Structure formats: structure tokens, C-alpha cells
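Below is one structure; the comments refer to it alone.
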Amino acid sequence: METIRQPRVMREIAIKEKKNGKSIGFVPTMGALHEGHMSLVRTARAENDIVVASIFVNPTQFSPGEDFACYPRSLSDDLEKLEGLADFVFLPEKENMYPPDFSTRVEVEGLSENMCGRFRPGHFRGVATVVLKLFNMVQPSRAYFGQKDYQQSAVIKKLVRDLDLTLEVLVCPTVRESDGLALSSRNSYLQPEERNAAPALYRALQSGAKALKDGQRDAGLVGGIMRQSLSEEPLVRQVQYIAAFDADTLEELEIIKKNSVVLAGAVIVGTTRLIDNLLVNDLK
Ligand code: PAF
């Protein structure tokens with residue numbers, strides 16, 4: 001496994017590998033790798049000749065007052081986990097990603113505005129911009145993202161479509177703890193009693209999914225069931241949103257008519273913001 005810091009070097013290697021007919025699987029991350037990331041890396045390994053993982057805590061996707069400064073960083077552990085699975089680990093420096101005169105932003109309108117976009121202004125602009133830069137540097141044939149960040153995956157798929165990029169975007173299932181909590185690097189912020197409370201979000205989404213499966217089609221009532229479930233956990237300090245959304249447009253639904261719906265929520269437990277979602281398919 002080789003570590004690369006210079007975007008120019010990364011791109012030269014990628015172009016050479018592609019010229020030799022090799023496919024490149026890419027897993028972009030911000031580090032603090034957990035089983036969710038590793039499942040993406042293993043899938044990339046199984047489906048491509050070359051695997052590249054990047055680690056870059058991207059400052060432009062954090063709003064002022066968010067956790068950029070204290071975002072968990074564990075480079076040596078991360079490299080150990082990737083050893084034997086990735087061929088290249090790309091570790092760009094902030095100065096190379098965003099030189100002082102950097103002034104371009106990528107905005108995926110529509111999909112970026114609802115859900116988390118309402119609470120994290122500019123977040124998806126930061127994600128889309130850095131992901132497009134990383135795609136240009138790594139030249140992937142396929143890029144892998146986790147379903148936990150459902151809106152992020154939707155934004156990136158749209159970016160790829162709108163800008164005629166030639167790679168394939170693959171979204172892999174959310175990996176969960178045994179009590180249902182979706183794995184996230186931010187789970188490390190949770191105090192023990194908050195950690196115990198955190199699966200409340202998954203339970204709420206499950207109660208919404210059950211209502212849908214039982215035939216409930218009034219999205220307002222499904223939302224009410226999920227909010228009621230969350231209200232049973234006193235350590236959920238704030239519910240930013242929890243609702244049923246169109247799985248393609250991410251618009252909040254009133255009446256559920258399609259057979260595919262995403263139930264998604266964002267809550268604050270202690271001081272930690274948690275997100276999760278369930279895709280509910282095959283609704284009659
Ligand atoms: O999901 C993440 O870790 C980040 O948003 C990503 C895609 C690596 C962009 O910084």
C-alpha cells in the first residue's frame with residue numbers, strides 16, 4: 001500500500017493505471033475509519049483492479065460552529081485498517097486542495113436544499129466541490145458511498161449525471177451496531193448514557209417503516225409516529241427533522257403514492273448530531 005500526498009502524483013498514477021486497462025475503485029473518506037468505511041473498501045476491492053481510499057477532513061463542508069476542529073483524526077489506525085485492502089491511500093493537504101486563490105464552488109441545486117441542507121447551509125456545496133476535485137485526482141471507474149448519508153449519495157449521483165462524469169456511483173448498505181445505531185465517526189463523541197440513547201433514531205425510523213408496511217399512506221401521520229417514538233427518549237435533545245421523503249427528489253411527502261420512500265431523520269443527542277435513514281421499497 002502506497003500513501004500519496006500530492007494531487008498531481010495521484011492523478012499521474014491513476015491515468016497510468018487506466019491506460020493499462022485497470023479499473024479504479026475509490027472510497028473517499030474523512031478518516032476515523034469504522035466498519036462502515038471498511039465495508040465500502042472491501043466492496044471496492046472485490047469489484048476493481050485498483051483500490052484508492054482518500055482521507056481528507058474537508059473544511060469547506062463544515063459550517064462555522066460545527067465540529068471541524070475536533071473531528072476525530074486517527075491516521076495511523078486508519079492506515080493499519082487499510083493495509084492489505086487498498087493499493088493507494090491518498091492524503092491530500094489542505095494547501096493543495098484549497099490554495100489561497102481557490103474560488104470555485106459546485107452547487108447541486110434542489111437536492112442539496114432539503115433535509116440536512118436546511119440545518120447545514122453550504123454543507124453539500126462543500127461536499128460536491130471536494131468530491132468533484134477528488135474524482136478528478138483519482139479518476140475512479142467506480143466510487144463508493146454509504147447509504148447512511150443518503151442525501152450526500154443523491155447529491156453526488158446528480159453531480160455525476162449533470163456534469164457528464166463517466167464513473168459509476170455505488171451506494172452500499174448502512175452498517176449498524178447490534179442495537180441498530182448506524183456507524184458514524186461522530187459516535188465517538190457520545191457519552192456512555194448518550195450512546196445508550198442513540199439507537200432511538202433507528203427505532204423511530206423502524207416504527208415509521210412498520211406503519212408504511214401496515215398500509216399507512218399519510219406521511220404526516222407516519223412522521224407523527226416517528227416523532228412520538230423519539231419523544232420516549234429524553235436524551236434526544238432536539239429533533240431537526242424526521243419525515244418521509246421521495247427517494248429520488250428528496251421532497252418531503254404528504255401522501256405516499258410511490259412504492260419507494262426514504263424515511264430519514266437528524267437528531268441531537270447530548271451535543272452530537274446523528275443522522276440515519278431507512279429506504280422502504282415495494283410499497284403496494
Ligand atoms: O462522507 C464523507 O466522509 C465526506 O462527506 C466525503 C464524501 C469524504 C467528502 O468529504
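Being a predicted model, the structure only gives us computed values, none of them experimental. Numbering of ligands and ligand atoms starts at 1, following listing order.
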- Spatial distance of atom CZ (Phe245) from atom CG (Leu253) [nearest 0.5 Å]: 8.5 Å
- Task: Give the atoms of ligand 1, by number and element, whose distance to some non-hydrogen atom of Val130 is under 4.0 Å.
- Result: 9 (C), 10 (O)
- Task: Mind listing the closest non-hydrogen atom pair of Pro72 and Ser188 along with its distance?
- Result: CG-OG, 4.0 Å
- Message: Does the plane of the ring in Phe135 sit parallel, tilted or perpendicular to the ring in Phe26? Use 30° and 60° as the thresholds.
- Response: perpendicular
- Evaluate the criterion ring-ring contact (aromatic ring centres under 6.0 Å, His included) for residue pair Phe62 and Tyr71; output intermediate values, then yes/no. CA-CA 10 Å; Phe62 291 81; Tyr71 193 84; 5.8 Å; yes
- Message: With heavy-atom distances below 4.0 Å as the criterion, list the atoms of ligand 1 near Thr29.
- Response: 8 (C)
- For atom 10 (O) of ligand 1, the protein heavy atom that lies nearest, with its residue and separation: Gln61 OE1, 2.6 Å
- Message: At less than 4.0 angstrom from any non-hydrogen atom of Gln152, what atoms of ligand 1 do you find?
- Response: 1 (O), 2 (C), 4 (C), 5 (O), 7 (C)
- Item | Protein contact to atom 3 (O) of ligand 1 [nearest heavy atom, distance to 0.1 Å] | Met30 CG, 3.6 Å
- Item | Electrostatic pair Lys210:Asp214 at N-O distance under 4.0 angstrom | yes
